[in-house]
Amino acid sequence: MVTLEEPITRERAIGIVRQLAAAKNHQDAQAAAAIYHPEAVLESPTLGSRHEGPAITKVLENWFAFAPDYQVDLDGYALDGRTLCCWGYISLTPAFTVGGAVPNGESARVNAFILFRFREGKVLWESFHFDVAALARQCGVAATDLVGES
């Protein structure tokens, strides 16, 4: 059961998220996973996925296998109570697709926004959103090849 998140300052929240972004930009699943609370939830409505606790490490490893050059560039932050909203871009070159289509090998850059909540100085909840249709177009595949059938 996920416990309630704690109040956090804007500066502290941004600092935690910047650490997480740096670990992800280095494709370091272990370092990124260490920033999540043991009861954390990582979800991506765009991908139709939700993972909890220890499963997050494997999810990050799989994401970096899919996007070995993954980069997240966050341009803005807003804290509303206990939820930090971040926006910017992600860039990546997909190595494969779940649908089996072969990506064109081109790097793609798309808008993203991410919501976070925190507990004990770690990420308790992350909801990761990005423009999957734009990513698919740039990679020369159908969106369903990236996320599967709903």
Side-chain angles (χ1 to χ4, degrees), residues 2 5 10-80 83-119 121-150:
V2 176
E5 65 276 2
R10 182 179 189 276
E11 293 76 23
R12 180 72 178 123
I14 291 170
I16 294 167
V17 167
R18 285 183 175 158
Q19 279 185 297
L20 182 60
K24 288 181 177 182
N25 286 348
H26 286 98
Q27 293 76 46
D28 188 338
Q30 296 299 319
I35 297 168
Y36 289 93
H37 188 275
E39 297 177 357
V41 172
L42 171 57
E43 64 183 20
S44 179
T46 303
L47 300 173
S49 66
R50 178 183 164 87
H51 304 280
E52 298 181 24
I56 291 173
T57 302
K58 186 64 176 169
V59 168
L60 292 169
E61 290 169 353
N62 291 342
W63 179 255
F64 299 140
F66 164 73
D69 62 347
Y70 178 76
Q71 294 288 299
V72 58
D73 299 304
L74 299 173
D75 296 331
Y77 308 88
L79 183 65
D80 179 21
T83 303
L84 182 71
C85 179
C86 307
W87 57 90
Y89 299 89
I90 60 169
S91 57
L92 58 106
T93 309
F96 56 85
T97 68
V98 296
V102 178
N104 61 15
E106 301 287 325
S107 181
R109 181 174 166 92
V110 298
N111 292 321
F113 77 92
I114 312 167
L115 303 172
F116 294 95
R117 291 190 184 137
F118 305 90
R119 183 162 192 259
K122 295 190 177 280
V123 172
L124 178 64
W125 173 75
E126 176 182 347
S127 186
F128 174 58
H129 306 258
F130 64 96
D131 188 342
V132 72
L135 178 66
R137 264 191 315 277
Q138 291 178 47
C139 297
V141 298
T144 54
D145 287 321
L146 292 178
V147 298
E149 295 293 333
S150 301

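Just the heavy atoms: all of them, side chains too, but no hydrogens, waters or symmetry mates, feed the values below. Index from 1, following the sequence.
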Minimum heavy-atom separation for Ala65 to Ala95, with atom names?
O-CB, 3.5 Å
Within a reach of under 6.0 Å around CG of Asp75, are more than 12 heavy atoms found that belong to other residues, nucleotides or ligands?
yes
Distance check, rounded to the nearest 0.5 Å: Leu146 atom CG versus Cys139 atom SG?
6.5 Å
Taking Ser49's backbone N and O only, do any of them form a donor-acceptor pair with Ser44's side chain (distance below 3.5 Å, no angle check)?
no
From CZ (Arg18) to CD1 (Ile16), nearest 0.5 Å
12.5 Å
Which ring pair (Phe, Tyr, Trp, His ring centres under 6.0 Å) pairs, counting each pair once, include a residue from residues 90-117, with sequence neighbours left out?
Phe66-Phe96, Phe113-His129
Least distance between heavy atoms, Asp145 atom then Ala101 atom
OD2-CB, 3.3 Å
Sole residue of Leu20, Asn25, Val17 in side chain to side chain contact (heavy atoms under 4.5 Å, CB included) with Val72:
Asn25
Using the test side-chain contact (heavy atoms from CB on, under 4.5 Å), find all partners of Glu61 that sit at least two apart in sequence or belong to another chain.
Ala29, Gln30, Thr57, Lys58
Answer yes or no: is there a side-chain heavy-atom contact under 4.5 Å between Asn62 and Phe64?
no
What are the two closest heavy atoms between Ser127 and Pro45, and how far apart are they?
OG-CD, 3.7 Å
Residues in ring-ring contact (aromatic ring centres under 6.0 Å, His included) with His26, at least two apart?
none
The criterion is ring-ring contact (aromatic ring centres under 6.0 Å, His included); which residues satisfy it with Tyr70, sequence neighbours excluded?
Trp63
Partner residues of Asn111 under the side-chain hydrogen bond (donor to acceptor under 3.5 Å, both in side chains) criterion, sequence neighbours left out
none
When rounded to the nearest 0.5 angstrom, what distance separates CD1 in Ile14 from CG in Leu74?
10.0 Å
Close side-chain approach of Glu43 to Trp125, heavy-atom, < 4.5 Å:
yes
Check: Pro103 and Thr93 side chains under 4.5 Å, non-hydrogen atoms
no
Interatomic distance, CG@Leu92 vs CG@Asp69, rounded to 0.5 Å, equals 6.5 Å
Straight-line distance of Glu11 CD to Leu79 CG, nearest 0.5 Å:
9.0 Å
Give a yes or no on whether the backbone of Gln138 and the side-chain of Asn104 come within a donor-acceptor separation of less than 3.5 Å.
yes
pair Leu124-Val41: side-chain heavy atoms closer than 4.5 Å:
no
Sorted by chain and residue number, the salt bridge (Lys or Arg N to Asp or Glu O under 4.0 Å) partners of Arg109 (sequence neighbours excluded) come out as Asp73
Donor-acceptor pair, Asp131 side chain versus Val110 backbone, under 3.5 Å?
no
Count the heavy atoms belonging to other residues, nucleotides or ligands that lie under 6.0 Å from OH of Tyr77, then report whether that count exceeds 12.
yes
Qualifying residue, where the test is salt bridge (charged side-chain N to carboxylate O under 4.0 Å, His left out) with Glu126 and the options are Lys24, Arg50, Arg117:
Lys24
Do Leu42 and Val123 come within less than 4.5 Å of each other through their side chains, counting heavy atoms only?
no
